Protein chains: 2
Amino acid sequence: MSCESRAIDQLRESGVRLTPQRAMVLEAIYHNDGHLSVDEVHERVQQQSPYVDLSTIYRTVMFLKQQGVIGELRLDGQPVRYEAVRYGKEHHHAVCSTCGAMIEIDSVDMQELSDILTQKYGFAVNLIHLTLTGQCAACQAISP
Amino acid sequence: MSCESRAIDQLRESGVRLTPQRAMVLEAIYHNDGHLSVDEVHERVQQQSPYVDLSTIYRTVMFLKQQGVIGELRLDGQPVRYEAVRYGKEHHHAVCSTCGAMIEIDSVDMQELSDILTQKYGFAVNLIHLTLTGQCAACQAISP
DNA sequence: TTGGCAGTTGCGAACTTTTGCAACTGCGGT
DNA sequence: ACCGCAGTTGCAAAAGTTCGCAACTGCCAA
């Protein structure tokens with residue numbers, strides 16, 4: 001079984017269509033530890049199937065993001081990147097605006113926030129993936 | 001005194017250059033209660049000064065966002081919008097993915113999250129503006 | 001008050017992302 | 001196993017965003 005099979009099951013259960021293009025995009029992102037840009041996903045998919053169009057990749061990553069099986073990373077001055085949302089390893093990102101370091105924030109640390117929003121606003125937040133900016137410990141020490 | 005004067009003071013204190021273009025973009029966004037797209041900002045600025053280029057608007061909103069005096073709203077299927085970050089009225093947004101309703105979340109509700117990140121990761125989050133998605137109370141009642 | 005220059009601007013061109021549309025296809029119902 | 005069609009795809013063209021560069025200008029220092 002491949003590492004994206006849980007995501008595929010999740011899509012099937014949602015009753016959405018599972019096309020080869022979607023499976024290939026999912027595979028490209030899940031079989032990669034880092035974060036892939038749209039172009040990089042396109043390259044990888046084309047190695048398997050050369051006629052998949054870039055616009056399909058755009059539509060597909062948007063779709064997979066909305067389905068909650070991939071997360072989007074949007075950092076100033078960098079192309080948008082996508083990464084797998086792996087069951088049991090859900091996390092968010094904190095990026096240092098000084099040195100660019102990226103810290104992974106465990107999902108459980110967001111639980112408090114989620115509770116507050118439910119209690120105070122009745123809002124059920126969808127905390128699939130979030131990117132925060134700020135300053136890491138090292139950079140605070142240098143220039144507080 | 002105009003309502004963006006505090007933001008202007010903040011920029012001056014940061015030691016960045018305060019050009020007429022920047023002042024006009026700031027004015028357009030601060031003299032508006034809603035959220036303006038880049039094009040709308042451009043239109044308003046051009047009414048004052050017709051030769052300001054769209055690319056300048058793009059560069060300026062990015063700059064003002066990084067300075068923390070305006071916030072960015074990025075909703076799927078809509079153009080990116082910008083709004084004033086008013087002193088004492090800082091807030092974040094929660095958007096319902098079902099009905100599109102937008103709730104303003106008070107900044108103090110994020111304090112807990114900020115504390116956790118500082119304690120656990122030593123990371124000083126910059127909570128200028130955040131957009132969360134999820135489901136509002138009404139839509140949860142209809143389709144839980 | 002003025003001079004110098006690092007940072008900003010307008011313009012054009014490149015690049016990225018979205019969209020309209022006709023052809024195609026996954027998948028539920030028969 | 002096959003059918004029908006809502007949803008998806010590839011393509012091409014449009015729209016949105018960024019970039020390179022020469023000219024310009026806030027703002028600091030003298």
Side-chain angles (χ1 to χ4, degrees), chain A residues 5 7-29 35-67 69-70 72-82, chain B residues 5 7-29 35-67 69-70 72-82:
Chain A
S5 63
I8 288 178
D9 289 348
Q10 185 179 326
L11 293 181
R12 251 195 262 280
E13 277 159 32
S14 303
V16 299
R17 243 196 244 184
L18 189 49
T19 63
Q21 290 87 339
R22 288 178 177 177
M24 286 187 287
V25 168
L26 215 43
E27 186 188 328
I29 294 175
H35 312 115
L36 295 179
S37 68
V38 170
D39 257 352
E40 287 163 348
V41 173
H42 190 211
E43 276 173 24
R44 274 156 221 247
V45 169
Q46 284 200 323
Q47 282 171 19
Q48 277 194 265
S49 180
Y51 292 107
V52 177
D53 196 74
L54 227 202
S55 67
T56 299
I57 307 291
Y58 276 103
R59 288 188 275 227
T60 303
V61 293
M62 166 110 66
F63 169 83
L64 295 174
K65 183 185 78 173
Q66 281 164 355
Q67 293 296 317
V69 295
I70 66 175
E72 186 182 71
L73 243 94
R74 216 172 247 287
L75 304 179
D76 286 347
Q78 281 188 49
V80 184
R81 305 185 102 70
Y82 295 89
Chain B
S5 62
I8 288 178
D9 288 348
Q10 186 179 326
L11 292 182
R12 252 196 261 281
E13 276 159 32
S14 304
V16 299
R17 244 196 241 183
L18 191 47
T19 63
Q21 289 88 338
R22 287 178 179 177
M24 287 187 287
V25 168
L26 216 42
E27 187 189 327
I29 294 175
H35 311 115
L36 296 178
S37 68
V38 170
D39 259 351
E40 288 163 348
V41 173
H42 190 212
E43 276 171 24
R44 275 155 220 247
V45 168
Q46 284 200 323
Q47 282 170 20
Q48 276 193 265
S49 181
Y51 292 107
V52 176
D53 195 75
L54 228 203
S55 67
T56 299
I57 307 290
Y58 276 103
R59 287 187 280 225
T60 304
V61 294
M62 165 109 67
F63 170 82
L64 295 174
K65 183 186 77 171
Q66 281 165 353
Q67 294 294 318
V69 294
I70 67 175
E72 186 182 71
L73 240 95
R74 215 172 248 289
L75 305 180
D76 286 347
Q78 282 190 49
V80 184
R81 304 186 102 74
Y82 294 90

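Just so it is clear: chains get the letters A, B, ... in the order the sequence lines come, proteins before strands, and each one is counted from 1. Being a predicted model, the structure only gives us computed values, none of them experimental.
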Contact list (N/O, under 3.5 angstrom) for nucleotides 14-16 of chain D vs protein:
none

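Rounding to whole angstrom units, CG of residue B:Leu54 and P of D:dC19 are separated by 15 Å. Atom CD1 of B:Ile57 and atom P of D:dT17 are 13 Å apart (whole Å).
Non-hydrogen atoms lying under 4.0 Å from DNA chain D are contributed by B:Arg59, all within residues 59-67 of chain B. Contacts between residues 11-27 of chain A and DNA chain D, defined by a heavy-atom separation under 4.0 Å, are made by A:Arg17, A:Thr19, A:Gln21, A:Arg22. Contacts between residues 44-51 of chain A and DNA chain C, defined by a heavy-atom separation under 4.0 Å, are absent.
With sequence neighbours excluded, the residues that form a side chain to side chain contact (heavy atoms under 4.5 Å, CB included) with B:Gln48 are B:Met24, B:Glu27.
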Query - Derivation of the side-chain contact (heavy atoms from CB on, under 4.5 Å) call for B:Leu64 and B:Tyr82 - result: CA-CA 10 Å; B:Leu64 295 174; B:Tyr82 294 90; over 6 Å; no
Requested in this report: Take B:Val38 and B:Val80 through the test side-chain contact (heavy atoms from CB on, under 4.5 Å) and record every step on the way to the result.
Outcome: CA-CA 7 Å; B:Val38 170; B:Val80 184; 5.6 Å; no
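Across all strands shown, B:Val52 has heavy atoms under 4.0 Å from sugar-phosphate atoms exclusively, and none from any base.
Between the side chains of A:Ser37 and A:Asp39, no donor-acceptor pair is found at a separation under 3.5 Å.
Applying the side chain to side chain contact (heavy atoms under 4.5 Å, CB included) test between B:Leu26 and each of B:Val61, B:Thr60, B:Ile70 identifies B:Ile70 as the sole match.
The minimum heavy-atom distance between B:Leu18 and B:Arg12, with the atom names listed, is CD2-NH1, 3.7 Å. Here the closest non-hydrogen pair linking A:Ser14 and A:Gln10 is OG-O, 2.9 Å. Taking every heavy atom of both residues into account, B:Val45 and B:Ala28 meet most closely at CG2-CB, 4.5 Å.
For the pair B:Ser49 (side chain) and B:Val52 (backbone), a donor-acceptor distance under 3.5 Å is absent.
Bounding nucleotides for the chain A contact on DNA chain C, 5' to 3', at a heavy-atom distance below 4.0 Å, are C:dT16 to C:dC27.
Remark: B:Leu54 CG to B:Gln46 CD distance equals 7.5 Å, nearest 0.5 Å.
Using a 4.0 Å cut-off between a side-chain N of Lys or Arg and a carboxylate O of Asp or Glu, B:Arg81 and B:Glu72 do not qualify as a salt bridge.
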